[in-house]
Amino acid sequence: MENQIAEIKSNITAEIQTVNSSKELYELKSKYLLNKAGIIPALMKELGKASKEDRPKLGQMINALKDWATQIFEGKDAEITEVEKKARYEKEAVDITMPSKKTKVGTLHPVTIIKNELVDIFAGMGFKVVETREIEDDFHNFTALNTPLEHPARDKQDTFYVSDDFMLRTHTSPGQIRSLKSIEPPFKILVPGRVYRADDDATHSPMFHQMEGLVIDENITMCDLQGMLDVLVHKMFSETAKTRFRPSFFPFTEPSVEVDVSCFECGGKGCKLCKGTGWIEILGGGIVNKKVLENCGVDSNKYTGFAFGLGLDRIAMLKNGVNNIHVLYDGDVRALKQFKD
Ligand code: PHE
């Protein structure tokens, strides 16, 4: 038995030298230790045949052999794992000095950038964004906004009709009607979106963007509109920007105003951008006409409100020094990618 054990030891020592992978190591381990038929477990079985006196000693020897072999295999296992790990790391290594592949990063459209900026500012004042439809009926686009059929204001908005009864909305103001009919006052909403007019020159495109604002509550006055617009221009243009109201006319607001901001290029001194006036028109607005509230079933004795409409394309052009609106819509990526958030 002693000879047998010595032979097994020397065999293991020799065979383990030739092992190069964890698979081979597992096979060797199985041959000697793991299987019931493995060489060392087989020795254990033979123990039964030994005499009573020899058995404890032989048992100890076999156990010692088992421990020795286990240790040898564990040592080799650690060694192989280390080598294999190293090889894998080398194979998977990334050459950080290699030039990377260029990925093209897109940019937001300049009008989207302005819209997002405005939505952020108004959200801070408690406004919610509502999006309403682009194909409207006569009631929502005109009649409910106090612009009946024969009203001359309709001429200002050359309308694209899609059928006798339906048209592409000419402004975002129908969003006022849809909100007044569906939301219980008081509320503050914004309606950004595309609008359409048959108009096409350097500063007009048949499709452009507006953002409507509507605030309905008790005791709303022109001062509320002015206060809110001051906050807006400070955040949008500069801390020192001022607003100026000029009387105007819209059928759905009474009184109506056109609002200018002090020129953000020259600060009001007069330059090319503001055509020497020091002021730049940015929006139309006013106090919601009682008739509009009544057309939507809102109690005009209890509630008042203000509304305004901003041209998003116009602001995007002014802020970026673009003097032709078609730059925004010709889809030339070389032009559009210059506008960064
Ligand atoms: N809808 C008007 C326009 O398109 C703008 C506006 C909106 C004016 C709300 C007053 C109040 O010109």
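Order of appearance sets the numbers: ligands from 1, and atoms from 1 within every ligand.
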Mutual orientation of the aromatic rings belonging to His171 and Phe252 [parallel < 30°, tilted 30-60°, perpendicular > 60°]
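Correct class here is perpendicular.
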Please work out whether the ring planes of Tyr329 and His109 are parallel, tilted or perpendicular, with thresholds of 30° and 60°.
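The rings of Tyr329 and His109 lie parallel, inter-plane angle below 30°.
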Residues in salt bridge (Lys or Arg N to Asp or Glu O under 4.0 Å) contact with [X], at least two apart in sequence or another chain:
X: Glu136; answer: Arg178
X: Arg194; answer: Glu134
X: Lys269; answer: none

Using a 3.5 Å distance criterion without hydrogens, assess whether the side chain of Thr253 forms a donor-acceptor pair with backbone atoms of Ser256.
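No, the answer is negative, given that no donor and acceptor are paired below the 3.5 Å cut-off.
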Can you give me a line-by-line list of nitrogen or oxygen pairs between ligand 1 and the protein shorter than 3.5 Å?
from, atom 1, to, atom 2, distance (Å)
ligand 1, 1 (N), His171, ND1, 3.0
ligand 1, 1 (N), Ser173, OG, 2.9
ligand 1, 4 (O), Arg197, NH2, 2.9
ligand 1, 4 (O), Gln210, NE2, 3.0

